[in-house]
Protein chains: 2
Amino acid sequence: MTVWRSASCAVRRLEAACRCPRRPFTTSSSYASYDPQRRDAIVDLLNYDSDHPDAVDKIEQDVRVSGWVRSVRKQKQVAFAHIGDGTTARPLQAVLKPEQAANLSYGTAVTLNGAWTPSQGKGQNRELQVTSVEVRGENHADSNPVQPKYQTPEFLRTVPHLRPRIPSNALLLRLRSHLISTFTKWFDGLDFVQTHTPIITSSDCEGAGEVFTVSSNDSKRSGQKTPPQPQHASQVEHFFRSPKYLTVSAQLHLEALAQAVDRVWTLSPTFRAEKSDTPRHLSEFYMLEAEVCFATDMKQIMDLLEVMLRNVTGYISVSRVGQELMEARKSPKDPQREGDYAVSATTLDKRWLRLMRANWPRVTYHYAIKRLQAAVADKQVKFAFKPTIEGGLQAEHERWIATTLGNGAPVFVTDYPRSQKPFYMSPSTSTANSKGTNDTVACFDLLVPDLGELAGGSMREYRSQELVNAMKAKGLAGTGSLEWYQDLRKYGSVPHGGFGLGFDRLLCYLSGINSVRDVVAFPRWHGRCDC
Amino acid sequence: MTVWRSASCAVRRLEAACRCPRRPFTTSSSYASYDPQRRDAIVDLLNYDSDHPDAVDKIEQDVRVSGWVRSVRKQKQVAFAHIGDGTTARPLQAVLKPEQAANLSYGTAVTLNGAWTPSQGKGQNRELQVTSVEVRGENHADSNPVQPKYQTPEFLRTVPHLRPRIPSNALLLRLRSHLISTFTKWFDGLDFVQTHTPIITSSDCEGAGEVFTVSSNDSKRSGQKTPPQPQHASQVEHFFRSPKYLTVSAQLHLEALAQAVDRVWTLSPTFRAEKSDTPRHLSEFYMLEAEVCFATDMKQIMDLLEVMLRNVTGYISVSRVGQELMEARKSPKDPQREGDYAVSATTLDKRWLRLMRANWPRVTYHYAIKRLQAAVADKQVKFAFKPTIEGGLQAEHERWIATTLGNGAPVFVTDYPRSQKPFYMSPSTSTANSKGTNDTVACFDLLVPDLGELAGGSMREYRSQELVNAMKAKGLAGTGSLEWYQDLRKYGSVPHGGFGLGFDRLLCYLSGINSVRDVVAFPRWHGRCDC
């Protein structure tokens, strides 16, 4: 507990240097004037003793907390309520008179005034001796679909609008927020320009999977539940003059922007109209993509990705939210730990350590297939799919690679056969391809145990004629919609490469949650778009 | 120039404290090991003398620059090239032997090695005495649609993939990046949780405008240019089981997340299938939205928005990119200043000052209409549309309000008639409504000169029955798709409010660019989705 506190404390001091001051127990700072509420954050109250070591016995008067009741226990003389306000997964204990607690139930929004007092009871150092209670809105605890007990992840996905109120789910919201801000600072430090790439795009042929079509229907009525009426093809007027799609990747547009400012990144939504039903796929998900000009060697791109993930894992692991996450995984009280919702604290700890410190092997696709075949021949493992060069890596193969070749750490698999990859990838450099032929491309997938592919990247074909040839070979040359992309090779072309990382998958991996459906606030997949 | 340098310097020191170290002229730092290229950023080179005041006469050997040729001037004995790498709008001057410059033309990607030497020439303190040149890729300068001369904004919008290479457009990319990161830090400082709200949504009835429909078409062929074939309604199988749309606002989902962690924000794409043809509207645009629980007074929300914009403008105005922007607006050389592309430096300077320091009036809708009517009666102004309570504020009215009532500063107009606003807004508080009736809602629009509406917000109806009544009054009660939204009022309901800000409009306003079509990298509007 001491370690936890001091680590957290150091991080908070670091964080404080980079941002506006927090406001524990002061109302005079200029900050207070634009804080939309006057509140004392529960996280600050719970850290009071470690933040104010000279005032351990002091009773802090005039404390004001706003939050939601997590539980309430009513006795004859006294009532206890646990309150959460989203700033920490840990609850604040409020001590009330029974009549003050009369209208409190699971979920009620309350504002409590009182004194922050050293506690005689077990389980907390301090408690709020409540002087007044204000119930802030309606609450029908009995009919609430979310209850403070174990409920299956499957059920909770049907109520995504209520699910984040569970403290462990609120923690995932905060982890996402912290990750976004950590990536923003990290890329800032390398002079990468954060960009907003388009969501509606013209091309449906990047080879990244099935696309959603975007259309406008002027005759559509509000609240209409039936499908749009059929129209003759000649009557269909396209809002954008030709069919448009939801983007499957920002990459092509990022390449255009990179040629303006050298190095760019984006964290933006991408889409697949695929009927996948796995814990790793959604129809709408966030991708973190980066593109770097003047890079000639794929090693530079892999280095960038590797150091980024090592650093970000490091920052998360010492952050308040990271520490709370680890505490939650360790706690036998967390109802979310049951079933296959999340991995154990031990597994999570190993993951973080391997992300931060282990060696991440880099092997070619051909080498990986050879090792897979040898393992099958030696009867070390059985696969449903026989590993072959032509067959590609199946999920079961990827798992074996990460577990065995990577010894549990992430593994880069490089130089896949050209036939398995999109048109825009450069040929492998001669040394990379163990077969010594030119039929592989300078690309990599980053595989991790349990999850499989976390990221992928490549060098891009930057030579004009070679790009046209590659497009022809994939049957894309005549489509016209990628002429602009070919332009990038005619004017100021430059060797470049980049990667795309599944942001929601990373959130899964770092938090130990097993399904992307449980780390995305409002997940969408085939047949499911609740709320 | 001195002021510019020292301000920029101070800001960079501040920035440095918050991020990874920059790397001017060191290759030994751990940072260098994961920087994907070894490069000396042109911005660092140009700031060399101010950053190293003790080494003003020193020649820095072994400098390596990678970038694109902005112009090249070949003489008999010597050639001069201006190089840009996207880190600054200012060019680096390279001095080459004529034979070294033989293959350089406008746009060529090059890597130059040389010595960073005090310059004898005018226009720069230092120049790169080049020892070796490497041309990095193809460049067909003559056929490049983008040329280093004045080209109309309308033309440049047809080549969005090449447009950002113009230095003033690259500057807009960097401004966007800096804004994103500034907002991220600002909200971090107030413990707001940054969230990813869904893009594909079920509701098409928020009253924010026409929606795009999302569909999947399994029979669609790659590269197909004709509209999808008509199908009988019974054959249409919805990917998500019912029709889905592109979101028009994150607000409803943000409200759900706010009830988990108290205060949330998002910067995410939103969509309108409207045939607007104005410099202020796009079909795809980014909105910054925030939602705050336990707020009871709309003043709190307006305060939050106002202080946010004042602070962010302050940060931008002293930032490197902000200073460069102001320099660019002042420069008579900037070809982008011609026509109606951007406002003058004087206008921009006033904007910034008013955003940072002027009083922002807050007037009710009824008062604004009264003043508009009085101005018409007094023949101070003529409008195409007569201002009436029922008629709503037209763009010309909004401009007059911001210019006259706001004296050029932003103006909050509050408490609009309920009939003009979506169903979810709370009634006005009694004091706010100048008419003293209950037919107005607790909402505001933030109007700025030239642009009109920059942001809007409201208190949300948080009482269960009143929300149902408001939905019934708008004909939305039976649709079912918003049952989840009604749940938020049944379980742990709490007074709350929030705002949405047009992020691209803010970028316009802060940069002085006149059209959102020129600040968005790949703009989409009716009939136009290039690249």
Side-chain angles (χ1 to χ4, degrees), chain A residues 18-20 34 36-37 66 68 85-86 107 109 136-138 140 144 161 164-165 170 177 180-181 184 188-189 193-194 198-200 205 212-216 222-223 227 230 233 236 240-241 256 260-262 269 273 292 294-295 300 303-304 307 479 484 490-494 522 527 529 531, chain B residues 18-20 34 36-37 66 68 85-86 107 109 136-138 140 144 161 164-165 170 177 180-181 184 188-189 193-194 198-200 205 212-216 222-223 227 230 233 236 240-241 256 260-262 269 273 292 294-295 300 304 307 479 484 490-494 522 524 527 529 531:
Chain A
C18 301
R19 65 182 200 177
C20 307
Y34 61 91
Q37 323 142 14
S66 287
W68 289 266
D85 68 356
R136 304 300 300 268
E138 282 175 57
H140 306 276
N144 192 337
H161 58 303
R165 302 176 184 198
S177 180
I180 299 171
S181 113
T184 302
D188 266 6
V193 173
Q194 185 171 7
I199 309 302
I200 301 175
C205 51
F212 286 107
T213 304
V214 175
S215 57
S216 118
S222 266
V236 175
F240 294 112
R241 295 194 294 202
V261 289
D262 188 2
V292 184
F294 298 98
Q300 295 167 296
D303 285 352
L304 182 72
V307 177
T479 62
W484 69 269
K490 289 183 197 152
Y491 311 118
S493 187
V494 64
F522 296 93
C529 178
C531 300
Chain B
C18 302
R19 62 182 206 179
C20 307
Y34 61 90
Q37 324 142 13
S66 288
W68 289 267
D85 67 356
R136 304 300 299 269
E138 282 176 56
H140 305 277
N144 192 335
H161 58 303
R165 301 176 185 199
S177 180
I180 301 171
S181 111
T184 302
D188 266 6
V193 173
Q194 186 171 6
I199 309 303
I200 301 175
C205 51
F212 286 106
T213 304
V214 175
S215 56
S216 120
S222 268
V236 174
F240 294 113
R241 294 195 294 202
V261 289
D262 188 3
V292 184
F294 297 98
Q300 296 168 296
L304 181 74
V307 177
T479 62
W484 67 269
K490 289 184 197 151
Y491 312 119
S493 187
V494 63
F522 296 94
R524 277 88 175 87
C529 179
C531 299

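Computed from a predicted structure; not experimentally measured. So that the names make sense, note that chain A is the first sequence line, chain B the second, and so on, each numbered from 1.
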Please determine, among B:Val494, B:Ile199, B:Val214, the option with the most heavy-atom pairs under 4.5 Å with chain A. B:Ile199

Could you report the tightest heavy-atom contact between A:Ala260 and B:Pro164, atom names first, then the distance? CB-O, 3.1 Å

Which one wins on heavy-atom pair count under 4.5 Å against chain A: B:Glu138, B:Lys490, B:His140, B:Arg241? B:Glu138

Ring center gap for A:Phe212 and B:Phe240 short of 6.0 angstrom: yes

Looking at every non-hydrogen atom in both residues, tell me the closest pair between B:Gly492 and A:Ala109 and how far apart they are. O-CB, 4.0 Å

Pairs of heavy atoms under 4.5 Å with chain B: top-ranked of A:Gly107, A:Pro198, A:Ala170, A:Ala256: A:Pro198

What option among A:Ile180, A:Ile200, A:Asp85 has the most heavy-atom pairs under 4.5 Å with chain B? A:Ile200

Go through the steps to decide whether B:Trp68 and A:Tyr491 satisfy the test side-chain contact (heavy atoms from CB on, under 4.5 Å), and finish with yes or no. CA-CA 10 Å; B:Trp68 289 267; A:Tyr491 311 118; over 6 Å; no

Note: A:Ser177 and B:Gln194 closest approach over all heavy atoms is OG-N, 2.8 Å

For a quick test of reading the model, state the closest non-hydrogen atom pair linking A:Ala273 to B:Ser216 and the distance between them. CB-CB, 3.8 Å

So for A:Ser181, is it side chain, backbone, both, or neither that comes closer than 4.5 Å to the heavy atoms of chain B? both

Examine whether an atom of A:Pro269 lies under 4.5 Å from a heavy atom of chain B, and if so say whether it belongs to the side chain, the backbone or both; otherwise answer neither. side chain

